[in-house]
Amino acid sequence: MAALDAPPLPDEPRNPVVEAHNARLGLWLLSVYVIAYGVFMGLCAFGQETLAQPVGPLNVALVYGFGLIAGALLLALLYLWFSKTPAAGDTK
Amino acid sequence: MTYPPSELAIGLFLAFVAFTLGLSFYLGRKKQSSAGYFAAGGGVPWFVNGVAFAGDYLSAASFLGICGMIAFYGYDGFLYSIGYLAGWVVALLVIAEPVKRLGKFTFADALDATFQSRGIRLAAAISTLVVSVFYLVPQMVGAGALIQPLFGFPHWVGVVIVGVVVTIIVATAGMASTTWVQFIKGGLLVVFALVLTILILQRGLTVNASAEDLAPQAIPGGLRPSGHIIGLPNGEISTGPLNPISYLGTIRQSDVVQWKKNADGTAYVPKYTNGSDLLRPGGSPTFAGLRSDSFAAKLNVISLMLALFCGTASLPHILIRYYTVKDAAAARKSTVVGIATIGGFYILTLFLGLGAMTGGSLDVTKENMAAPLLARSFGPWLFALVSAVAFTTVLGTVSGLILAASGAVVNDLLVGYMRWTLPDARKVSLGKLTAIVVGAVAVGLGIVFEKFNVTMLVGWAFSVAASANLPALVMVLFWKRTTAKGVIASILTGLAVSLPWILLSGETYEKVYGWPASSSFIPFSQPGLVAIPISFAVLVVVSLATKKKNNDAPTS
């Protein structure tokens with residue numbers, strides 16, 4: 001378990017190139033989700049008939065809702081996979 | 001409806017309380033550094049932190065409120081789930097790593113990393129305290145509301161029990177005990193939601209409404225368990241076990257009984273609704289604007305959904321969890337675990353809500369009791385366990401909130417703004433003292449606001465956090481021309497726009513002051529759509545205006 005009297009952690013390695021890469025990646029992935037979420041909000045407000053359309057046994061509202069939740073996890077895993085971590089020897 | 005107190009539920013709750021207190025005293029037995037007290041020494045494993053994120057985030061509003069809303073109105077509760085989870089994408093992709101890199105104890109550390117500004121510390125502390133109080137009140141009132149039907153105690157007893165236990169948890173070992181309580185709670189919540197969902201799917205759907213079940217329910221004497229199906233597809237009487245897709249598909253083609261108060265408020269009368277109508281947005285009073293022709297009503301919902309999207313990544317009690325892991329990579333991994341845990345739970349809430357809607361165990365007067373009463377339909381043990389978990393839910397969230405408030409007072413107000421030079425041990429003792437004071441205030445507010453419509457407050461907390469904190473955080477991290485004055489102006493503007501907007505809105509007029517909503521001049525009640533852009537704009541304008549006077553642009 002976490003020690004309460006532990007000494008402060010050493011500063012973690014910093015690498016501006018890695019940080020910039022991760023920031024860019026994060027913003028790209030976020031923009032994908034913002035579009036998906038924005039379209040959903042637009043449909044909720046102005047496309048009720050579309051949301052009620054059947055998709056197999058379900059409807060667009062359910063499928064889109066599950067898609068946003070699953071999509072969040074998918075983007076998170078993509079970010080985890082493609083993001084980088086500074087090496088131990090990088091600037092502190 | 002009245003419920004006999006469950007001795008089993010009381011026993012299990014006491015066992016949970018004893019365990020969490022024992023754990024807190026065990027963790028708090030050693031001498032503590034301020035890094036240990038406020039951030040668990042940065043030594044929390046990323047997986048534990050990820051589940052603790054879920055324990056911190058899945059408040060009573062998430063568990064009881066969303067299940068209840070789905071059980072009463074269908075899809076609309078799921079809209080909250082979608083919005084709450086979407087906010088975590090912002091947290092992971094924009095906030096997590098830089099906040100961890102730049103900060104130590106509070107989110108003001110990250111805001112102030114380059115500026116060393118007393119003003120930023122003060123503004124961030126005020127914002128943290130405002131958001132935390134908005135969030136604390138519904139948790140405390142929820143505790144009191146839960147304890148009445150579950151254990152048979154008066155409202156104030158529930159509030160005091162939760163207040164005392166949580167204060168002990170925070171004051172003994174700070175972030176370490178808070179983390180483990182949240183980890184246990186997060187894990188239990190998902191496990192029991194999964195168990196209940198499996199039981200719901202195994203039970204399937206049955207036409208279960210007799211003529212008596214469909215008779216009006218007089219208030220209060222004629223109330224009885226409700227939640228029935230009056231017709232399944234193809235004239236079936238019972239489906240038997242169903243898989244998740246078939247379950248939702250069958251409900252979409254079934255006819256369900258909902259209950260509405262009659263015009264004079266003396267009874268609940270049945271309303272027969274087709275499943276296809278229940279499983280699309282706009283069926284509840286909160287989201288009714290989506291089905292109206294009013295543009296302002298639609299903007300109100302969009303504004304709420306925007307606040308949920310932007311609010312998560314700016315809630316102080318969530319942000320401080322990033323300081324409990326060792327580095328940015330661990331912050332990233334723990335957020336992914338949090339998204340998986342929270343997302344999985346939110347998917348399960350749809351089944352819990354619909355299971356309660358159709359399981360014949362609803363209390364039409366108590367939306368928040370839908371999940372515990374659903375559990376009771378499967379047996380007393382499950383009811384007792386779910387009731388105890390519901391209480392643990394309150395403990396986990398409240399402890400995080402109190403710790404965030406305590407950190408803001410000590411690290412931002414006393415050390416950061418007032419420039420007190422405190423030895424490490426003194427910071428810890430002041431942190432504990434602040435936790436006790438905040439805990440006492442929370443108890444007082446929980447008792448005073450017993451009759452208050454508290455479900456709105458969580459939404460307000462998201463709106464205020466999104467308006468005051470997110471623009472400053474995002475711009476400090478991504479816009480090099482940001483200045484200290486710009487950050488301060490942005491936080492204060494976010495507060496100054498969102499709070500009056502809320503207090504003068506039609507919803508507050510009607511539900512808080514008892515005045516006609518139409519007499520409010522505010523066009524729609526949720527402030528996010530207006531306050532967030534204004535806060536961004538003010539930061540940009542003030543930063544550009546103060547650039548030459550302040551050589552204080554962030555370099556990272």
Side-chain angles (χ1 to χ4, degrees), chain A residues 1-14 16 18-19 22-23 25-34 36-38 40-46 48-49 51-54 56-62 64-66 68-73 75-77 79-80 83-86, chain B residues 27-28 30-33 35-37 40-44 75 78-79 81-82 85-86 88-90 92-94 97-98 101 173-174 176 179-180 245-246 248-250 252 276 279-282 290-291 298 301-302 305-306 309 324 326-329 332-333 335-336 339-340 343 346-347 478 556:
Chain A
M1 289 188 179
L4 298 181
D5 52 353
L9 290 171
D11 289 342
E12 61 177 298
R14 298 285 303 266
V18 168
E19 289 169 14
N22 290 353
L25 176 65
L27 289 176
W28 272 109
L29 293 174
L30 180 69
S31 60
V32 171
Y33 201 80
V34 165
Y37 189 77
F40 179 70
M41 279 168 38
L43 284 174
C44 286
F46 305 106
Q48 284 279 321
E49 288 176 10
L51 290 177
Q53 293 298 314
L58 307 179
N59 62 18
V60 175
L62 285 167
Y64 207 138
F66 283 130
L68 282 172
I69 292 177
L73 183 58
L75 289 181
L77 291 172
Y79 182 70
L80 196 59
S83 59
K84 296 176 181 174
T85 302
Chain B
L27 291 170
K30 293 180 182 173
K31 174 174 160 281
Q32 296 169 21
S33 63
Y37 182 75
V44 175
Y75 192 89
F78 195 50
L79 271 182
S81 300
I82 293 166
L85 184 76
W88 280 94
V89 178
V90 182
L92 170 68
L93 301 178
V94 181
E97 292 178 52
R101 269 198 305 270
T179 296
W180 287 99
I245 302 291
S246 304
L248 296 175
T250 306
R252 198 174 74 81
S276 61
L279 293 179
R280 67 186 178 94
L290 293 175
R291 294 187 189 178
K298 291 179 191 295
V301 176
I302 291 174
M305 295 300 284
L306 180 68
F309 187 64
T324 67
K326 66 173 183 172
D327 56 23
R332 182 165 68 220
K333 288 181 201 166
T335 314
V336 175
I339 288 175
Y346 280 145
I347 286 176
F478 292 100
S556 61

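Residue numbers start from 1 in every chain, and the chains themselves are labelled A, B, ... in the order their sequence lines are given, proteins ahead of strands. Source: prediction; values computed, not measured.
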With side chains defined as the heavy atoms from C-beta onward, is the minimum distance between [X] and [Y] less than 4.5 Å?
X: I245(B); Y: F66(A); value: no
X: V34(A); Y: F309(B); value: yes
X: L93(B); Y: W28(A); value: no

Where [X] and [Y] come nearest, the two heavy atoms and their spacing:
X: A23(A); Y: F478(B); result: CB-CE2, 3.8 Å
X: Y33(A); Y: A86(B); result: CE2-CB, 3.6 Å
X: G343(B); Y: I69(A); result: O-CG2, 3.8 Å
X: L290(B); Y: A45(A); result: CD2-CA, 3.7 Å
X: S83(A); Y: R332(B); result: OG-NE, 3.1 Å
X: A76(A); Y: I339(B); result: CB-CD1, 3.9 Å

Supply the atom-to-atom distance [X] [atom1] to [Y] [atom2], rounded to the nearest 0.5 angstrom.
X: E97(B); Y: T85(A); atom1: CD; atom2: OG1; answer: 7.5 Å
X: I82(B); Y: M41(A); atom1: CD1; atom2: CE; answer: 12.0 Å
X: N59(A); Y: R252(B); atom1: CG; atom2: CZ; answer: 5.5 Å
X: R14(A); Y: R101(B); atom1: CZ; atom2: CZ; answer: 5.0 Å

Identify which of [options] forms the greatest number of heavy-atom pairs closer than 4.5 Å to chain A.
options: G249(B), S81(B), G282(B), S276(B); value: G249(B)
options: P98(B), P281(B), A340(B), A329(B); value: P281(B)
options: K298(B), K333(B), R291(B); value: K298(B)
options: V90(B), I302(B), T335(B); value: I302(B)

Would you find a donor on one side and an acceptor on the other, under 3.5 Å apart, between the side chain of Y79(A) and the backbone of V89(B)?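 No, because the side chain of Y79(A) does not come within donor-acceptor range (under 3.5 Å) of the backbone of V89(B).
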
Please classify the contact of V94(B) with chain A as side chain, backbone, both or neither, using a heavy-atom distance under 4.5 Å.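 Side chain of V94(B) only, per the 4.5 Å heavy-atom cut-off to chain A.
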
May I ask you to name which of P54(A), A70(A), G56(A) has the most heavy-atom pairs under 4.5 Å with chain B?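 If we count pairs closer than 4.5 Å to chain B, P54(A) comes out on top.
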
What residue, out of L62(A), L68(A), L58(A), has the most heavy-atom pairs lying under 4.5 Å from chain B?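 Most heavy-atom pairs under 4.5 Å with chain B: L58(A).
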
Take Y75(B) and L51(A) through the side chain to side chain contact (heavy atoms under 4.5 Å, CB included) test and state the conclusion after the steps. CA-CA 11 Å; Y75(B) 192 89; L51(A) 290 177; over 6 Å; no

Of the backbone (N, CA, C, O) and the side chain (C-beta and beyond), which part of F40(A) lies under 4.5 Å from a heavy atom of chain B, both, or neither?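 Contact with chain B involves the side chain of F40(A) alone.
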
Working for side chain to side chain contact (heavy atoms under 4.5 Å, CB included), residues C44(A) and V301(B): CA-CA 9 Å; C44(A) 286; V301(B) 176; 5.9 Å; no

